Amino acid sequence: MKVRFAPSPTGALHVGGARTALFNWLLARGAGGELVLRIEDTDHERSTPENVEQIFDALRWLDLDWDGEPVFQSARSERHREVLERLLEQGHAYRSTATAQDVRAYKERHGAERGFRGEDDGDGAVRLSVPAEGETVVNDEIRGTATFKHEHLDDPVIARADGSVLYNFAVAVDDLDAGITHVVRGEDHLSNTPKQLLVLEALGAPQPVYAHLPLLHGPDGSKLSKRHGAASVQDLRDAGYLPEAVRNYLALLGWGDEDDETIISTEDLVQRFRIDRVSRNPARFDERKLRWMNGRYLRSLDPADLARRLEAYSGRTGLEAAVSIAQDKLQTLADFWPLCGFLFDGPAQDAEAYQRVIAADGGGDRLAAARAALEAAQPWEEEQVEAALREVVERLGVKPKEVFQPVRVAIAGTTVSPGIFESVALLGREETLSRIDAALGNLRSSG
RNA sequence: GCCGCUAUCGUCUAGGGGACUAGGACGCCGCCCUCUCACGGCGGAAACCCGGGUUCGAAUCCCGGUAGCGGUACCA
């Protein structure tokens, strides 16, 4: 088995393209086949080094590897010219000067459902001769068969007047030459497939196995784009998702095993993935479910591992202690800093929280009581911190939160943080007391 | 317009003639846990596009309609 993944280098790797890459990868890796990467761009306008590097980068981040060197398509290779000549000589193709207007005029005369047939003008673009009778059947692993009657098919242009070849010709020849056995790509290519099959047939070449994946849409059913949030692999990485979670989520978008598992490791995915179990309906990309799944993966990570990833993501260091008290509260890597930033950069400035929790209803008095208890806590460990604060709660006869929240706002600046005992213990005695003093000082000065 | 593909809870899906009172997951709602926010636990609402046919029996097979998507480039 030889599988190929052929992204078009339009820039970032779109989420749909990433899923196609994943399915190709799962198919090849699961069957022990070979997976080649080909950058598909016959006119070479889009495959700038930057665009190509973005594709590689996205694939590497997803940890989807390929075999051998990536291949770059060419519109003017000697091989393409040679095959074109052969088709011309054998009468499978002809040169025609017919324009798009000519095609329209033809259909007005013969009916809209009638495929265009040109005449051999001896020059102009090269068109493939579609047989007058019969049909071309695409055997698709996912859809069964799609039948295209030849009378409905236009003679497709396969090379421009200047001799450069077009996609539907190039892709068929390139797949043939590379010995590709399995073509897995988006459903938008299904209607192109008969053209490619006809090229192969004119060449007397065998057909690969096809599988056309349903398309991916945005949450509202329209084409997935930036305005829906994350639309590319780059966006996903920036939003703080884990590659293993993205792989898991994407695999379940259009594919489902009979056992209904939701969290599936990549190893299991490789083992269980079956191309013929891919769904036929288009799927919507729902970032909420990805967030949930990412949280599951995040929580299952070893804290040291999570800290490493967070450090790479944020560019900061020394995060492990904070990670260990915040891990359960994160869904993405991006959630960490808003939650734990106060441990490193001082309390946040949430005036509303301060007013409501410390400045009102005796919050300051309870905070002062907590300060005194904390000052006496010995040693400065989570257990002693908890004992000290709970003792204050008991002595004052108030609800726990009436003591804990003022402390939280004093050290974190906001009402949301990791557990209060862990946070205080991690912050240290000196820093904690000084932040409480600052909050209390504020209270006095504001009267 | 023409050609092609598709149609199960809001979303992703399981199901492939009787096991369907249609299962799971996200999301949503309620309760529990609880120092905030989360996590977790328990429970709930929520779907077979419509119409014909085949059959003892249809979510499942067939036909038609409708809708969505894709293609219809000297783009990829």
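Within every chain, numbering begins at 1; the chains are lettered A, B, ... in the order of the sequence lines, protein sequences first and strands thereafter. The model shown is predicted, which means the values in this text are computed figures rather than measured ones.
- At rC35(B), one or more side-chain N or O atoms of R390(A) fall inside 4.0 Å of OP1 or OP2 (strictly under the cut-off).
- Residue contacts shown for F421(A) include a base, since a base heavy atom lies under 4.0 Å away.
- Here, rC61(B) and rG18(B) have their P atoms 11 Å apart, quoted to the whole Å.
- Comparing the same atom, P, in rC37(B) and in rC31(B) gives a spacing of 14 Å after rounding to whole Å.
- Between the P atoms of rC50(B) and rU60(B), the separation comes to 10 Å (whole Å).
- Here the separation of rA14(B) from rG51(B), taken at their P atoms, is 25 Å to the nearest Å.
- Nucleic acid contact class of A112(A) (heavy atoms, under 4.0 Å, all strands): sugar-phosphate only.
- Of the charged side-chain nitrogens involved, none lies within less than 4.0 Å of a carboxylate oxygen, so that R284(A) and D220(A) do not count as a salt-bridged pair.
- Below 30°, between 30° and 60°, or above 60°: for F285(A) and Y249(A) the angle between ring planes is above 60°, a perpendicular geometry.
- For rG40(B), the OP1/OP2 oxygens have a side-chain nitrogen or oxygen of R299(A) closer than 4.0 Å.
- Using a 4.0 Å heavy-atom criterion, one finds that D188(A) contacts the sugar-phosphate atoms exclusively.
- Residue contacts for T262(A): at a heavy-atom cut-off of 4.0 Å it reaches the sugar-phosphate backbone alone, with no base atom in range.
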